[in-house]
Amino acid sequence: MRDRRVLLLWAAFALTAAVSVGLVLRRPDHLSDLHIYYGALSDLRAGRPLYDYVAENGGPFTYPPFAALVLWPVTALPESVLGAVWLLLTVAAVVAIAVPVGRVLAPGRPWAVAATATVLMLSAPVQSNLRFGQMSIVIVLLALLDGAGVTPARWRGVLVGVAAAIKLTPLLFVVYFLAARRYRDAARATVAFLACAALAAVVLPAESRTYWLGTMTKTSRIGDLASLGNQSVHGMLLRVGVDPSALPVVWAALVGALCVAALLRARQLTVQGRPGHAAVLVGCATVAASPVSWTHHQIWSVLAGMLLIGASGVTRKVAGAALLVAMVVSLGAVLGPVSARPGVQFLLENARTLGACAVCLAGFGGLAFATTGARRRAAGRAWLRVGVAATATLAFFAVQPLPAGADPTFKAYSLDDVANPRYFFVCRGADECAAFGGAEPVTFGTAVEPTKVRVNGVVSAQVARLEYHSAPGGAPRVVPLLAAYPGSRTFSFRSAAMTHGRLVAYGADGRPLATYDDELAAAFGSHR
């Protein structure tokens, strides 16, 4: 019976992997990050600067120069063949991660590895790695093997150093090694990191100078950091609308507190003989602390959810299930129709950030052990505590207004975009725009898409300024008025959160001429 269960679970994993790969290959934009790696390395081989490369979708090469040495062989294969190989390697990496985690979850149970691999494959971070052709999953694997003590003792730390030379965030594991008194591991990780960086400096001196003296700090090259895809503390603070002058201090204080809490608890877990839990906890801290944590970086949170489900105590199991659900589906999209309050909407859209922070602070039950004594209390009392905590959390967010900067999808379009019918769709040419406009100061239409609503329209001659407010009390966004055609002015912008959106037209004297909110709310309602 057990053998049959294991076979069924591996069959489920194989089916999930096959369907996932098939769906990826059907996408017109599949493996876009792998395409960036391939293009950047091809340019480097041809003698062009690595960090000057920009793909068709605007994506640059963002990793340290040692990553270019690691990826150097990819250009030996045709890109189509490379894509197939890369997808297979990603699936293999999922299995490799599942082995140590499954053994921690249920020691001596063969089904645990298969179950872990299947859940991982279903999660949004792994799906994102497959879709984009990312190597984030390899970084997680290297850090996990070293952090959890899977690698041989005399080599432990080397994989973390190599991973950090490819992507800097695993450097936090060096601090963890020091905190856990794994001094030799910390030394080996540091030497490996410096050796890899030195090798890259010898082979790629110009690229190394460019990266370490400038490119490393230019996080804007990576994309819109306020996007919902960036589920780090930094990304959430950008969406909250923290003042730019205060942002570095607020971010550093929050990240410092989270990392200290996570590292202290990780040291305790190591002393307790739970290095696997400690490694995943430190990994969650890297997700929360990094300025940029895209979906494909967040595998650590999936592992944390599974470890919490495998722990004792109702509170931790429920917390793990909630975290796992958040890491498999996008709560903001799925539960959007029932999140009537702006604060609840913000909670759902930032659930992955908040989940990673909660793991850092609670440390797989360290807080629960200290304050609740869940093992000694009845299950009914535990469920009551969970219910009260969940209700209090929802109630707190329900009374919160939508933060001023909580519409990261907003973008106003310029004259360069007028030719794009996806952005400017209500009229084409002077005659059509004149006919579309009427007596109203602003006449507009909306186009509904899966993740956003687009607004395009024309304004009358009396309108001097047009502003869009994404939330009550939020800072207004100025919408450019474009003289695209003689005798008319048009505008276009996109937004994700139009439930409380308000479009205000002002005259030359600065007084408001008209306000439009019900129409925007109706558009958002049809969108959600």
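When a residue number appears, it is its place in the shown sequence, counting from 1.
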- Task: Kindly give the heavy-atom pair with the smallest separation between Leu172 and Ala285, and that separation in Å.
- Result: CD2-CB, 3.6 Å
- Residues which pass side chain to side chain contact (heavy atoms under 4.5 Å, CB included) with Asn456, listed by chain and number, not counting sequence neighbours: Phe424, Phe425, Val426, Thr490, Ser492
- Between Ser301 and Arg352: side-chain donor-acceptor atoms closer than 3.5 Å: no
- Taking atom CH2 of Trp72 as the centre, does the number of heavy atoms from other residues, nucleotides or ligands within less than 6.0 Å exceed 12? yes
- Item | Residue pair Leu324, Val302: steps toward the side chain to side chain contact (heavy atoms under 4.5 Å, CB included) verdict | CA-CA 6 Å; Leu324 208 54; Val302 183; 3.9 Å; yes
- Message: side chain to side chain contact (heavy atoms under 4.5 Å, CB included), that's the test. Do His297 and Thr286 meet it? Break it down for me.
- Response: CA-CA 9 Å; His297 298 150; Thr286 67; over 6 Å; no
- Query: How would you list all residue pairs meeting ring pair (Phe, Tyr, Trp, His ring centres under 6.0 Å) that involve residues 156-176, not counting sequence neighbours?
  - Reply: Phe173-Trp300
- Message: With a 6.0 Å cut-off (strictly less than), is the heavy-atom count around CZ of Arg103, excluding the residue itself, greater than 12?
- Response: no
- Item | Flag for Gln127-Ser20: side-chain donor and acceptor within less than 3.5 Å | yes
- Task: May I ask you to check whether over 12 heavy atoms, not counting those of Arg48, lie within 6.0 Å of atom CZ?
- Result: yes
- Who passes disulfide bond (SG atoms under 2.5 Å apart) against Cys427, sequence neighbours left out? Cys433
- Item | Non-neighbouring partners of Tyr423 that pass ring-ring contact (aromatic ring centres under 6.0 Å, His included), sequence neighbours left out | Tyr413
- Query: With a 4.5 Å heavy-atom cut-off, do Val113 and Trp10 have their side chains touching?
  - Reply: yes
- Query: Run the side chain to side chain contact (heavy atoms under 4.5 Å, CB included) check on Leu258 and Leu361 step by step: do they pass?
  - Reply: CA-CA 6 Å; Leu258 289 169; Leu361 294 174; 3.8 Å; yes
- Task: Taking side chain to side chain contact (heavy atoms under 4.5 Å, CB included) as the test, write out the residues that go with Ala186, two or more places apart.
- Result: Val174, Phe177, Leu178
Determine all donor-acceptor pairs shorter than 3.5 Å in which one atom belongs to a side chain in residues 131-139; sequence neighbours excluded.
| residue | atom | partner | partner atom | Å |
| --- | --- | --- | --- | --- |
| Arg131 | NH2 | Asp29 | OD2 | 3.4 |
| Gln134 | OE1 | Tyr37 | OH | 3.3 |
| Gln134 | OE1 | Tyr63 | OH | 2.9 |
| Gln134 | OE1 | Ser136 | N | 3.3 |
| Gln134 | OE1 | Ser136 | OG | 3.0 |
| Gln134 | NE2 | Asp33 | OD2 | 2.8 |
| Gln134 | NE2 | Tyr37 | OH | 3.3 |
| Gln134 | NE2 | Tyr63 | OH | 3.3 |
| Ser136 | OG | His296 | ND1 | 2.8 |

